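Letters A, B, ... mirror the listed sequences (proteins, then strands); counts begin at 1. Hydrogens, waters and symmetry mates play no part in the numbers below; they use all other heavy atoms, side chains included. A quick note: this is a predicted structure, and the numbers were derived from the prediction, not measured.
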Number of protein chains: 2
Amino acid sequence: MTIRELAKLTNTSYSTVSRALNDNPKVARETKERIKNVAEQAGYQINASAQSLATGIHRTIGILYPYHSLRAVESIYTVNLMQMLRGELAIQGFDTLIQGYDTIGEDVFHLTRLVRQKKVDALLIIGYEITEEAVIEVAKYTDKFILINPIHDAWVERYDRIMIDHHYGGELAAEVLVAKGRKTLIAIAENSPQFQERIKGFTTIVHIYPGISFSRLVLPSGTFSGAYKFVESHLEELQEADGLFIQSDNSAFGVMNGLLDHGVKIPYDISIVGYDDVDWCDYSRPALSTIHQPKTNVVEAAAQTITSWVLHGKNGSFRGTFKPSFIERKSC
Amino acid sequence: MTIRELAKLTNTSYSTVSRALNDNPKVARETKERIKNVAEQAGYQINASAQSLATGIHRTIGILYPYHSLRAVESIYTVNLMQMLRGELAIQGFDTLIQGYDTIGEDVFHLTRLVRQKKVDALLIIGYEITEEAVIEVAKYTDKFILINPIHDAWVERYDRIMIDHHYGGELAAEVLVAKGRKTLIAIAENSPQFQERIKGFTTIVHIYPGISFSRLVLPSGTFSGAYKFVESHLEELQEADGLFIQSDNSAFGVMNGLLDHGVKIPYDISIVGYDDVDWCDYSRPALSTIHQPKTNVVEAAAQTITSWVLHGKNGSFRGTFKPSFIERKSC
DNA sequence: CTGAAAGCGCTTACAG
DNA sequence: CTGAAAGCGCTTACAG
């Protein structure tokens, strides 16, 4: 079923059919309705390839995500984010083409392939793993892309991006631990740029209050088992602390289980605050108090902005920042 | 950059350029190489819409997944499956368009939209939630679709599908519990068709051995908290049992935590076997012994079959069944 | 308000 | 082995 056949069925030209279907105001209302009815009856569906070729618009957004982040349970946050983005884009009438990218030895070609082959109109790039070189490459082919949750760095500010105020997240964690009367605090994270802002925020607050001792410990691996093993090699230091800020829930679960296995009582002996607010926070024992990263705001802003660029052209630039919040459970 | 420009750069016609780029054997080797080099230099990328329109092939597969299964932590299995499918399809040179479908009040239009609009060549439909009516509707528009992990039911066998032998999975669980010397067994699951085969398999084995008492309990909700609450309302029955077969890991975590909170020792007092083998099985205390659902085989078979259908036409039908296996951890 | 025509960027049967 | 031409199914400037 094509518009030509539809034209025959309705005794019009296919130009008129095309206009009617696109709600062109120049078509007489009566003609338009007649055509639309017949199209509906006939079960007509537009051929997206032909429309794309003619208009240059594909009504499809590419989502690029870091492979790395989807290997295991770590994935939950990213996966939820992607599902929500897909849902929001669908509401705007767009389809979603998903593509992974690799951090190491990143083949830049693949980042831009969807745009260059005209399979998508624009790109949503997820994750702190994207590098400046990669973004520069993307920018050669399109200006319609948004970085979602990139690291906090100067170069990022030259591009459209939407991110979470991790400095504030760190501040929140410190405020909570101090409010609980904790005096010997340790911030624990992998040695990765994404955690620096959280630590900075945390430190800022800690320094305001007198009588608080504070140190940092670096996690060799942020996985559950990496964090678990970490406890065994740092047991003494950890046992002397009474407040822990562990910068991903996943690591927090590992540390928490490690401590529990060594007889440490949580939150009696030590308070723990995680980061992310994944679903499992409710299920761990004790349930994990954590810093919640807002997703709904991020998703809506990203989806609505990018689809508007596609449909109406990109007029200005876009910078969005959302604040995290503290979720109290049982671990502190 | 189009093939016309490429034709000028190489002093040939654009027909020849097209043939060269498609490795048409009729083009002289020397000409072909020259054109390919120039194309490479110029950074030429084919316009996918134009190619699709001309050939009718889009090199894109639609993956339909049940929204429902991606709400929370339950998602892990499905999400991993989708990521793996995407990866395997990418290896075959196909892109992936992802679309959710809803179980309740399922709008069938959306299931077939991608095919009807010619955005994808074929469909991979994930999940036991797909209904016969929905599949009948899909079949009206294409014969190129594969059901992945549908429920075990007669109608399913009329379509191409790939699934896991859950009857065997249930048998495995029973064998394990019996081998541990457990005598009072309870199988626990939601009241949903997907679990019936597991129960059947379990029952088959239980009946072989003398002196085993066996009962079934229905879970009102398969979520962690649903399963947790379930323990409180069925504490007596559960305390009398010494072996539990809980038919999703997720529910198993809830039941396990509920029992632990009531002083039940696992696996000392009672053995627990879950189902799925999600990542969290390693992290729970005790780590959860479970039935592993194979994913690699499923993914490879599905992706390779569907892309072959698109590229070379669908010749026959496809039925694949893979066996699960038992993974021993600490809960039994 | 409607139609005929050109064009989007490819592929491929037909001729040579 | 290569080129000219028709066609895939739409949109839209141009005429009327």
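One finds a side-chain N or O of A:S18 lying less than 4.0 angstrom from the OP1 or OP2 phosphate oxygen of D:dT11. Distances shorter than 4.0 Å separate none of the side-chain N or O atoms of A:Y44 from OP1 or OP2 on D:dG9. Contact between the side-chain N/O atoms of B:S13 and the OP1/OP2 oxygens of D:dA4 is not found at any separation under 4.0 Å. Phosphate proximity of D:dG9 to A:Q51: absent, as no side-chain N or O sits under 4.0 Å from OP1 or OP2.
Taking every side-chain heavy atom of A:T2 into account, D:dC10 is the closest of D:dG3, C:dT2, D:dC10. Ranking C:dT11, D:dT2, D:dC10 by closeness to the B:R19 side chain, first place goes to D:dT2. Of the candidates C:dA4, C:dC10, C:dC8, the closest approach to any side-chain atom of A:L53 belongs to C:dC8. With distances taken from any side-chain atom of B:T12 to the nucleotides D:dT12, D:dT11, D:dG3, the minimum falls on D:dG3. Distance from the side chain of A:N47 is smallest to D:dG9 among D:dT2, C:dT2, D:dG9. Here D:dT2 is the nucleotide among C:dT11, C:dC1, D:dT2 with the atom lying nearest to any side-chain atom of B:T31.
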message: Could you walk me through whether A:S18 and A:S15 satisfy the side-chain hydrogen bond (donor to acceptor under 3.5 Å, both in side chains) test, starting with their C-alpha distance in whole Å, then the side-chain angles of each, then the deciding distance to 0.1 Å, before giving a yes or no?
response: CA-CA 5 Å; A:S18 173; A:S15 328; over 6 Å; no

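Across C:dG16 and C:dT12, the matching C1' atoms stand 16 Å from one another, rounded to whole Å.
Annotation: of the two residues near DNA chain C, A:Y14 and A:P25, the 5′-most nearest-nucleotide partner is A:P25. Nearer to the 5' terminus of DNA chain C, by closest-nucleotide assignment, is the contact made by A:K32 (compared with the other of B:N22 and A:K32). Where B:A54 and B:N11 each meet DNA chain D at their nearest nucleotide, the meeting point lying more 5' is that of B:N11.
Rounded to an integer number of Å, the gap from A:I46 CD1 to C:dC8 C1' is 14 Å. Computed from coordinates, the A:N24 CG to D:dC10 P distance equals 17 Å when rounded to whole Å. Distance, A:I57 CD1 to D:dT11 P: 11 Å, rounded to whole Å. Across the protein-nucleic acid pair, B:I3 atom CD1 and D:dT2 atom C1' stand 14 Å apart, rounded to whole Å. Here the C1' atom of nucleotide C:dG9 and the CD atom of B:E5 are 11 Å apart, to the nearest Å. What separates CD of A:E33 from P of C:dC1 is a distance of 13 Å, to the nearest Å. Residue A:K118 contributes atom NZ, which lies 7 Å from atom P of C:dG9 at whole-angstrom precision. If you measure from atom NE2 of B:H58 to atom P of C:dG9, you get 19 Å, rounded to the nearest angstrom.
Contact annotation: the side chain of B:Q99 approaches that of A:D95 to within less than 4.5 Å [non-hydrogen atoms, C-beta and beyond]. Side-chain contact check for B:L124 versus B:I306: some heavy-atom pair is nearer than 4.5 Å. No side-chain heavy atom of B:V115 sits less than 4.5 Å from a side-chain heavy atom of B:V138.
Among the heavy atoms of the strands lying under 4.0 Å from B:S15 is at least one base atom, whether or not backbone atoms are also near. Within 4.0 Å of B:T55, counting heavy atoms only, lie sugar-phosphate atoms of the nucleic acid but no base atom. When heavy atoms are screened at a 4.0 angstrom cut-off, A:S52 is found touching no nucleic acid atom at all.
Heavy-atom minimum distance, A:G56 versus A:D121: O-OD1, 3.9 Å. Heavy atoms only, all atoms of each residue included: B:A42 and B:M1 are closest at CB-CE, 3.8 Å.
Formation of a donor-acceptor pair under 3.5 Å by the A:R4 side chain with backbone atoms of A:Y14 is not found in this model.
Under a cutoff of 6.0 Å and an axis angle of 45°, B:K314 and B:W309 form a cation-pi pair.
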field: Watson-Crick and G-U pairing of DNA chain C, under 3.5 Å, as dot-bracket with | and [ ]
entry: |||.||||||||.|||

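Between B:Y159 and B:F145, the ring-plane angle classifies as tilted under the 30° and 60° cut-offs.
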